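Note that the structure is a prediction, hence the values are computed from the model and not measured. Naming convention: chains lettered A, B, ... in sequence-line order (proteins, then strands); numbering from 1 in each chain.
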Number of protein chains: 2
Amino acid sequence: MNIQQLVDRGLKIKTYTKDSVIYEPGTQPRYVYFIKTGEVRMVTVSDEGKEFIQGVFKAGQHFGEPALLINRPYLAFTITNKDTQLIAVNKEDFFSLIKNEPDFSMNLIQTLSQRLFYKSMMLEELANEKADHRLLTIINYLLHDITEGENLKVTRQELADMTGLRVETVIRGVKMLAGKGLIKTVKGKIVKR
Amino acid sequence: MNIQQLVDRGLKIKTYTKDSVIYEPGTQPRYVYFIKTGEVRMVTVSDEGKEFIQGVFKAGQHFGEPALLINRPYLAFTITNKDTQLIAVNKEDFFSLIKNEPDFSMNLIQTLSQRLFYKSMMLEELANEKADHRLLTIINYLLHDITEGENLKVTRQELADMTGLRVETVIRGVKMLAGKGLIKTVKGKIVKR
DNA sequence: CACTAAATATGACACAGATCATAATTTTGT
DNA sequence: ACAAAATTATGATCTGTGTCATATTTAGTG
């Protein structure tokens with residue numbers, strides 16, 4: 001099931017401007033959201049206002065399934081990183097997609113597996129490893145998605161919010177890793193080689 | 001799909017004694033494991049030998065799907081907590097289960113969603129919260145599964161291995177939470193009220 | 001019941017990373 | 001090309017939790 005097919009079925013496209021909140025923790029899930037264009041981040045926020053990035057979702061992907069499927073209030077905020085167009089698919093329709101479209105079902109299982117894999121990896125890091133190790137792991141993970149010579153389009157703040165560290169610690173850590181030759185940086189940007 | 005049906009299909013039951021290793025990190029997944037009897041823990045281990053409990057699986061449940069489904073080497077050890085009987089279902093059979101048994105597929109999706117929910121919760125805790133908050137969260141989570149008056153059958157060491165803390169920190173933290181009346185303990189055991 | 005092992009408890013000290021303050025550099029918008 | 005904003009950088013403390021050492025309590029076993 002892709003976006004076009006959903007549109008063909010007559011589902012409405014909703015437009016959100018950058019930094020709009022799509023849903024908040026504590027609220028009851030009613031939809032699964034398919035992204036037509038744009039990008040969203042899923043973040044949990046501590047009492048002191050510190051953000052942790054649970055995931056980032058781009059055009060063609062969907063988010064918000066787990067809470068809907070197990071019927072639990074959301075844990076996280078979902079916020080647009082750019083102007084974004086979404087299609088909200090209600091519970092009934094989403095369940096019928098799973099039941100009636102074997103490909104969609106298989107695909108969803110693999111998507112959930114990928115996310116579990118990432119979260120397991122990060123849990124090990126946050127539970128057991130110190131700053132430099134965490135940083136190297138997330139950086140290598142992110143480098144997978146880009147091609148040689150390109151650089152990572154993430155700020156130190158974002159790395160901090162993915163690793164549970166503070167910006168200053170990330171800045172010092174990245175510098176250290178570059179010094180040891182474990183990563184390559186050009187003008188502060190982390191580059192794949 | 002339940003254990004009996006797998007047995008009826010002629011799948012072999014393998015027996016493991018307590019503390020046997022079923023698989024190790026780095027190896028390539030070939031099976032999904034269904035638990036007939038017993039219990040296993042999934043743990044990642046740091047270079048310094050510190051364990052983190054990624055999950056615990058009991059009779060009737062299965063484990064090892066994500067790595068198999070996305071075709072990536074295991075991240076964790078899986079080790080029996082007790083004498084355990086397993087049925088190993090190979091990739092082909094597992095895929096056919098998903099394709100041909102809609103109920104199984106739906107069930108798997110919900111199981112994966114539950115695990116994602118737990119891991120998201122723990123990631124937020126490990127990334128943003130300090131010892132006491134982490135402890136209270138995991139304790140409340142575990143208390144959900146038992147009835148009033150019963151006590152948690154986990155040691156401080158196990159709480160430590162679930163929260164990324166050290167035993168001493170857990171011991172001090174539990175004592176503190178009990179002192180503040182946020183949890184109830186009897187002879188050191190954490191009791192549901 | 002006694003004996004041993006495992007789990008819980010407690011104190012002293014160390015240290016990674018947080019926090020705070022301020023500066024330098026790079027990016028973005030006009 | 002310039003100003004403003006965002007990001008990166010760096011130093012000086014502070015602090016929660018790890019580490020280590022040792023003691024006490026509870027559970028398990030013949």
Side-chain angles (χ1 to χ4, degrees), chain A residues 18-19 41 45-53 81-83 125-139 142 150-180 183-191, chain B residues 18-19 45-53 81-82 125-139 142 150-180 183-191:
Chain A
K18 183 170 150 63
D19 294 320
R41 69 180 186 277
V45 181
S46 75
D47 306 335
E48 297 86 47
K50 195 177 164 214
E51 285 197 11
F52 176 75
I53 299 177
N81 277 340
K82 313 174 178 175
D83 290 356
E125 292 294 326
L126 298 200
N128 281 343
E129 310 291 354
K130 30 183 95 93
D132 304 336
H133 194 287
R134 281 190 215 182
L135 275 172
L136 192 53
T137 298
I138 191 88
I139 288 171
L142 295 174
E150 270 198 303
N151 61 53
L152 285 186
K153 275 149 208 68
V154 287
T155 64
R156 309 283 135 119
Q157 183 62 61
E158 285 169 324
L159 287 176
D161 291 348
M162 285 187 262
T163 52
L165 301 169
R166 289 289 171 171
V167 223
E168 297 92 329
T169 307
V170 172
I171 288 167
R172 291 186 247 254
V174 166
K175 180 147 281 192
M176 210 277 275
L177 292 173
K180 283 193 179 172
I183 60 175
K184 186 185 169 193
T185 57
V186 173
K187 281 228 201 116
K189 291 286 166 200
I190 299 161
V191 180
Chain B
K18 183 171 151 63
D19 294 319
V45 181
S46 75
D47 307 335
E48 297 86 46
K50 194 178 165 212
E51 286 198 11
F52 176 76
I53 299 176
N81 277 340
K82 314 172 177 173
E125 291 295 324
L126 299 200
N128 281 342
E129 309 291 353
K130 31 184 93 93
D132 303 337
H133 194 287
R134 282 190 214 181
L135 275 172
L136 193 52
T137 298
I138 191 86
I139 288 170
L142 295 173
E150 269 198 302
N151 62 54
L152 285 186
K153 275 147 208 69
V154 288
T155 64
R156 309 284 134 116
Q157 183 62 61
E158 286 169 324
L159 287 176
D161 291 346
M162 286 188 261
T163 52
L165 300 169
R166 290 288 165 164
V167 220
E168 296 93 328
T169 307
V170 171
I171 288 168
R172 289 186 246 255
V174 166
K175 182 148 281 194
M176 209 277 275
L177 292 172
K180 282 193 180 174
I183 59 175
K184 186 186 169 191
T185 58
V186 173
K187 281 229 201 114
K189 291 287 167 200
I190 298 161
V191 181

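Rounded to a whole Å, the CZ atom of A:R166 is 9 Å from the P atom of C:dC20. Rounded to an integer number of Å, the gap from B:L126 CG to D:dT17 P is 12 Å. For the pair B:M176 CE and D:dT17 C1', the computed distance is 13 Å after rounding to whole Å. In this structure, the NZ atom of B:K50 is 13 Å from the P atom of D:dC20, given to the nearest Å. What separates CG of B:L177 from P of C:dA9 is a distance of 12 Å, to the nearest Å. Protein atom NZ of B:K153 is 12 Å distant from nucleotide atom P of D:dG28, rounded to whole Å. Following rounding to the nearest Å, A:E125 (CD) and C:dA16 (P) show an atom-to-atom distance of 18 Å. Across the protein-nucleic acid pair, A:K18 atom NZ and C:dT28 atom P stand 11 Å apart, rounded to whole Å.
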Can you check each nucleotide of nucleotides 2-12 of chain D against protein heavy atoms at under 4.0 Å and return B for base, S for sugar-phosphate only, - for none, in 5' to 3' order?
-----SBBBBB
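Helix bend of the helix from C:dC1-D:dG30 to C:dT30-D:dA1: the angle between its two end axes, each built from five pairs, comes to 70° after rounding to 10°.
For B:S46, the side-chain hydrogen bond (donor to acceptor under 3.5 Å, both in side chains) test picks out no residue, with sequence neighbours left out. A:R41 is linked by a side-chain hydrogen bond (donor to acceptor under 3.5 Å, both in side chains) to A:N81, counting only residues two or more places apart in sequence or in another chain. In this view, B:D132 satisfies the side-chain hydrogen bond (donor to acceptor under 3.5 Å, both in side chains) rule with no residue, not counting sequence neighbours.
Remark: A:K130 NZ to A:T169 OG1 distance equals 14.0 Å, nearest 0.5 Å. Residue A:I138 holds its CD1 atom at 7.0 Å from OG1 of A:T163, rounded to the nearest 0.5 Å.
Residue A:L159 is tested with A:I53, A:L142, A:V167 for a side chain to side chain contact (heavy atoms under 4.5 Å, CB included); the sole match is A:L142.
Checking the phosphate oxygens (OP1, OP2) of D:dT17, no side-chain nitrogen or oxygen of B:T169 falls inside 4.0 Å.
A:V154 is listed as a side-chain neighbour of A:M162, based on a closest heavy-atom distance under 4.5 Å. By the 4.5 Å heavy-atom criterion applied to side chains, A:K175 and A:I171 are not counted as neighbours.
Across all strands, A:G164 comes closer than 4.0 Å only to sugar-phosphate atoms, never to a base (heavy-atom distances).
A donor-acceptor pair under 3.5 Å links the side-chain atoms of A:K50 to the main chain of A:G164, judged by distance alone. Of the possible polar contacts, one joining the A:D83 side chain to the A:K18 backbone as a donor-acceptor pair under 3.5 Å is found.
Atom NZ of A:K153 is surrounded by more than 12 heavy atoms from other residues, nucleotides or ligands within 6.0 Å.
Listed by residue number, there are no residues of residues 127-137 of chain B with a heavy-atom contact under 4.0 Å to DNA chain C.
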